[in-house]
Peer 1: 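Would you mind keeping the following structure in view while I ask a few things?
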Number of protein chains: 2
Amino acid sequence: MSDRRRSPCPIACTLDIIGDKWTLLVIRDMVLGRSHYKEFLESPEGIATNILADRLVKLVDAGLVEKYPSTLVPGRDAYRLTKKGETLRPILKSIVRWGLENLDGTSIGLSPR
Amino acid sequence: MSDRRRSPCPIACTLDIIGDKWTLLVIRDMVLGRSHYKEFLESPEGIATNILADRLVKLVDAGLVEKYPSTLVPGRDAYRLTKKGETLRPILKSIVRWGLENLDGTSIGLSPR
DNA sequence: ACACGCGACTTGCATTATGCAAGTGTCACA
DNA sequence: TGTGACACTTGCATAATGCAAGTCGCGTGT
């Protein structure tokens, strides 16, 4: 089903999970407290619906995210980071820091949500 | 020439530079002291020649890597991280750490180079 | 002078991933 | 029973990857 890993390098293996332009943005959204499919779609980057669905499945498969019945919206599912998923925070943090320090015009969204 | 950014988010902008399965591996190689095109090709993940050439150009364009005449091999060019490129180390470090702690079978290569 | 080999790419083409728009199935509520 | 929002799927066009083979410049040996 799934591929064999490219090498035993922790960087290579980690990139096979989060090494693309969208996965970490979905995780960022969860860190920021979003949990519904629709909320992820509303993020300013504009992820496509098929890509989002694909990433959610892969993240659940990887054990980083779990689906659970939303308590706020009855009969609706939602997503949240698992304990393992939470351990990605340091990576996210180092990336945020680097972006803020090295890329002009970036800022933490005091997003109007 | 280049696209407008997807959002002002530092994560999104950073991913537009290093958010793929190969870029950080090339940077890893440079951190490990490799500097020649051929050395990058010899890494165990097996990057394709066209992808490597493409990434080197993009990294130079982004100011993270610079080309310089090799002092070891006369008449040959080599690549190394710029000062800005060096600032990626914390990101790399957080990824290595995460991989080692969360992915079975990963290890720092005491590579036979 | 000239063939040779090597390193560093470039090119062609098949496969896969992404982006976009539109369609489908489910469920709570009217 | 109807309606709409929501959460996906599906189709298809475009871009990125992967792989193999070809090109080009340079240094060496003869």
Side-chain angles (χ1 to χ4, degrees), chain A residues 1-7 12-13 15-27 29-30 34-62 65-80 113, chain B residues 1-7 12-13 15-26 29-30 33-62 65-80 113:
Chain A
M1 187 72 100
S2 63
D3 306 314
R4 197 177 321 302
R5 51 185 37 158
R6 298 183 284 177
S7 80
C13 294
L15 289 178
D16 283 339
I17 300 174
I18 59 167
D20 72 286
K21 292 196 190 313
W22 293 110
T23 301
L24 280 180
L25 293 181
V26 174
I27 291 170
D29 284 351
M30 291 184 194
R34 339 258 204 223
S35 56
H36 292 278
Y37 187 90
K38 194 192 169 197
E39 293 179 294
F40 304 138
L41 285 183
E42 287 168 350
S43 285
E45 292 83 13
I47 189 171
T49 57
N50 54 345
I51 305 291
L52 174 55
D54 177 79
R55 293 304 186 279
L56 287 171
V57 168
K58 283 181 178 161
L59 284 170
V60 169
D61 285 352
V65 165
E66 61 186 351
K67 206 170 183 171
Y68 67 100
S70 172
T71 49
L72 293 174
V73 191
R76 198 77 59 72
D77 281 338
Y79 299 88
R80 65 182 164 210
R113 101 188 201 78
Chain B
M1 187 72 98
S2 63
D3 306 315
R4 196 177 324 300
R5 49 185 38 159
R6 297 183 284 176
S7 80
C13 294
L15 289 177
D16 283 340
I17 300 174
I18 59 167
D20 72 287
K21 292 197 190 313
W22 291 111
T23 301
L24 280 179
L25 293 181
V26 174
D29 284 351
M30 291 184 194
R34 340 256 204 223
S35 57
H36 291 280
Y37 187 90
K38 194 194 170 196
E39 293 179 292
F40 304 137
L41 285 184
E42 287 167 350
S43 285
E45 293 83 13
I47 189 172
T49 58
N50 53 346
I51 305 291
L52 175 56
D54 177 79
R55 294 303 186 279
L56 287 172
V57 168
K58 284 181 177 162
L59 284 170
V60 170
D61 286 351
V65 164
E66 60 187 349
K67 206 171 184 171
Y68 68 100
S70 171
T71 49
L72 292 173
V73 190
R76 199 75 61 69
D77 281 338
Y79 298 88
R80 67 183 163 208
R113 96 189 200 83

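A note on names: the letters A, B, ... follow the listed sequences, proteins ahead of strands, and every chain is numbered from 1.
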Peer 1: Who pairs with A:Arg76 by salt bridge (charged side-chain N to carboxylate O under 4.0 Å, His left out), at least two apart in sequence or on another chain?
Peer 2: none

Peer 1: Return the value, rounded to whole Å, for the distance between atom CG of B:Leu52 and atom P of D:dG18.
Peer 2: 12 Å

Peer 1: Over the length of the helix from C:dA1-D:dT30 to C:dA30-D:dT1, how much do the five-pair end axes diverge, rounded to 10 degrees?
Peer 2: 0°

Peer 1: Identify, between A:Gly75 and A:Arg55, the residue whose nearest nucleotide on DNA chain C lies closer to the 5' end.
Peer 2: A:Arg55

Peer 1: Is there a side-chain contact between B:Tyr37 and the phosphate of C:dC6, meaning an N or O under 4.0 Å from OP1 or OP2?
Peer 2: no

Peer 1: Could you state the CD-P distance from B:Glu39 to C:dC6, rounded to the nearest angstrom?
Peer 2: 17 Å

Peer 1: Specify the separation, in whole Å, of atom CG of B:Leu59 and atom C1' of C:dC9.
Peer 2: 16 Å

Peer 1: For the pair made of CG in B:Asp77 and C1' in D:dC26, what is the distance, rounded to whole Å?
Peer 2: 12 Å

Peer 1: How long is the line joining CD of A:Glu45 and P of C:dG19, in whole Å?
Peer 2: 12 Å

Peer 1: Just the rounded figure in Å: distance from C1' of C:dT18 to NZ of A:Lys21.
Peer 2: 11 Å

Peer 1: Between B:Asn50 and B:His36, who's closer to the 5' end of DNA chain C by nearest nucleotide?
Peer 2: B:His36

Peer 1: Taking CZ from B:Arg34 and P from C:dG7, how many angstroms apart are they, rounded to a whole number?
Peer 2: 16 Å

Peer 1: For C:dG19, does OP1 or OP2 lie under 4.0 Å from any side-chain N or O of A:Trp22?
Peer 2: yes

Peer 1: Calculate the interatomic distance between A:Ile51 atom CD1 and D:dC12 atom C1'; express it in whole Å.
Peer 2: 14 Å

Peer 1: Using side-chain contact (heavy atoms from CB on, under 4.5 Å), reason through A:Leu24 and B:Leu15 one step at a time and then give a plain yes or no.
Peer 2: CA-CA 8 Å; A:Leu24 280 180; B:Leu15 289 177; 3.9 Å; yes

Peer 1: Counting just side-chain N and O atoms, does B:Lys58 come under 4.0 Å of either OP1 or OP2 of D:dA16?
Peer 2: no

Peer 1: Backbone N or O of B:Thr49 within a donor-acceptor pair of the B:Tyr37 side chain at under 3.5 Å?
Peer 2: yes

Peer 1: If the cut-off is 4.0 Å, is B:Arg76 near the phosphate of D:dC26, judged by side-chain N/O to OP1 or OP2?
Peer 2: no

Peer 1: Toward the 5' end of DNA chain D, which comes first, A:Arg6 or A:Ala53, by nearest nucleotide?
Peer 2: A:Ala53

Peer 1: Using a heavy-atom cut-off of under 4.0 Å over every strand shown, decide if A:Phe40 touches base, sugar-phosphate, or nothing.
Peer 2: nothing

